[in-house]
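Chain letters run A, B, ... following the sequence lines, proteins first, then strands; residues in each count from 1.
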Amino acid sequence: MIKSIIGVFVLILLGGCYPDLSISPVESDSVYTNRHPDAHFTEYKYYRLADSVLRLNEYGEFILGEGQYDQLIIDQVEENLNSRGFIKLVEGDIMKADIDVYISDLSAISVMQFWNYVPYWYYTLGDDSNADAYYPIAPPTSVMQIPISSIMVDMVQHAPSTTKEDDTLSIYWRGLCSGIYDIEMDSRMVRNINQMFFQSPYIKSYE
Amino acid sequence: MKRYILIHIIILAIISNILAQEDVSATFKKMITVDASWSTAVPIGDMIADVRTTSGRGFQFGVAQYLNERFSYGGNFAWQMFYENDFEVFINEYSVFSGYQRVYVNAFMLTGTSKYYFPTSVNKIKAYISLEIGASAIENYQIMGMYEFKEFEWHFAISPGLGVEIPATKTIGFQLYMKFPYSFKANSTYHYSWINTGVGMYVKIPN
């Protein structure tokens, strides 16, 4: 009896020493940036910034609507660009622009389904088959929904008025921040957008 | 790897040669020793790229039988867990990825052990050198942002070491040791290695 108690005590002690595997929303944030190899940022000065955040669904289609943090995101991008010496153009002056800046919201709800047994279709259907092809699927044992915030900032070659629909424009720079949509979103958005620019020190306008 | 096997053969040959010259005490009884210890580890080599912090999460259990006063053989089970949580920045040619990265490396080692005890002793404290050969199962689990990476492989492992046994009574004592566990590359993994120090107790069971 005493040996069992000691054994359980040792297991609890070891379990307590093991680091926590759960992740906080703040720790889920990550920032990715990429620049075009042919982009020369010191040759650009004037930029045009879209006055709203573009919303895209999982099929890449535009969705109408406004997010709670849209203005905060736009202001933060503008502040960072201005601090690097870029000048924002306003209506009527936009033809002078060297670059266009677009902000997109790719946020989505990630749905994960779990079965506490191997579902029949899992081992009867190949990779090229649809899960709902032939067999009825038993409802999942549990479903987890994770709202994901994903904000993308694109710095695109300025599109002149003569641009045709099938013309391609270079993306000079792209910043993407993503994380679990949860607490402290305003401060996290600000920090992540600042981090985008912090890890892109080459973004500087000409003097 | 051949080099390590060769070193092991040479050490065994030296030990065998020494044993052959020993006049085994007639009063010495073949004893079984059971030991348990708490182990700490400092990662070295390729492993530093993933985790740099010292691990205090680890234990080892061993059982050994004396062949005579100088030589013992047996088995050893060890668990060591490395953990690091830090803000990391990964830079590629044109891309940068940053976020909080958590690394969990769980290493289990199951080895056969041989020990050679030096003939000189001070206050009955016995020093020894050891060599362990066996297998290690290592899981490398990393989370960065909302992305994760998991790798689990079995490795061929060796672990040379040295230590001292400090008797407290005729059957119970303390042990201190330092080992160099080395798990060879398996499939896509790198060589895992760390410096292992430990403190524990042993019990001698007369046969």
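- Ring pair B:Phe61/B:Phe59: centre-to-centre distance below 6.0 Å.
- Under the side chain to side chain contact (heavy atoms under 4.5 Å, CB included) rule, A:Val101 has a single partner from A:Leu81, A:Val156, A:Asp154, which is A:Leu81.
- When each of B:Phe97, B:Tyr94, B:Tyr83 is checked for heavy-atom pairs under 4.5 Å with chain A, B:Tyr94 comes out on top.
- Below 30°, between 30° and 60°, or above 60°: for B:His191 and B:Phe184 the angle between ring planes is above 60°, a perpendicular geometry.
- Contacts of B:Met144 with chain A are absent, with no heavy-atom separation under 4.5 Å from either backbone or side chain.
- Proximity of the aromatic rings of A:Phe41 and A:Trp173 is defined here by a centroid distance below 6.0 angstrom, and this criterion is not met.
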(message) Run the side-chain contact (heavy atoms from CB on, under 4.5 Å) test on B:Ile44 and B:Phe180 for me, step by step, so that the C-alpha distance in whole Å, both residues' side-chain angles and the decisive distance to 0.1 Å come before the verdict.
(response) CA-CA 10 Å; B:Ile44 54 172; B:Phe180 173 57; 3.2 Å; yes
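- For chain A, no part of B:Ile91 is nearby; none of its heavy atoms comes within less than 4.5 Å.
- With ring centers used as reference points, A:Tyr46 lies 6.0 Å or more from A:Tyr44.
- The greatest number of non-hydrogen atom pairs below 4.5 Å with chain A, out of B:Asn92, B:Val89, B:Asn106, is found for B:Asn106.
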(request) Decide salt bridge (Lys or Arg N to Asp or Glu O under 4.0 Å) for A:Lys45 and A:Asp98; before the verdict, give the C-alpha distance in whole Å, the side-chain angles of both, and the deciding distance to 0.1 Å. (result) CA-CA 6 Å; A:Lys45 182 77 176 174; A:Asp98 299 311; over 6 Å; no
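- Counting heavy atoms from C-beta on, the side chains of A:Tyr69 and A:Ile151 never come closer than 4.5 Å.
- The most heavy-atom pairs under 4.5 Å with chain A, out of B:Phe87, B:Tyr104, B:Phe90, come from B:Tyr104.
- When heavy atoms are compared at a cutoff of 4.5 Å, A:Ser150 does not approach chain B at all.
- By the side chain to side chain contact (heavy atoms under 4.5 Å, CB included) test, B:His155 is found to be paired with B:Ser136, B:Ile138, B:Glu153, B:Ser183, B:Ala186, B:Thr189, B:Tyr192, residues two or more places apart in sequence or in another chain being considered.
- Applying a 4.5 Å heavy-atom cutoff, the residues of residues 180-196 of chain A that approach chain B are A:Ile180, A:Gln195.
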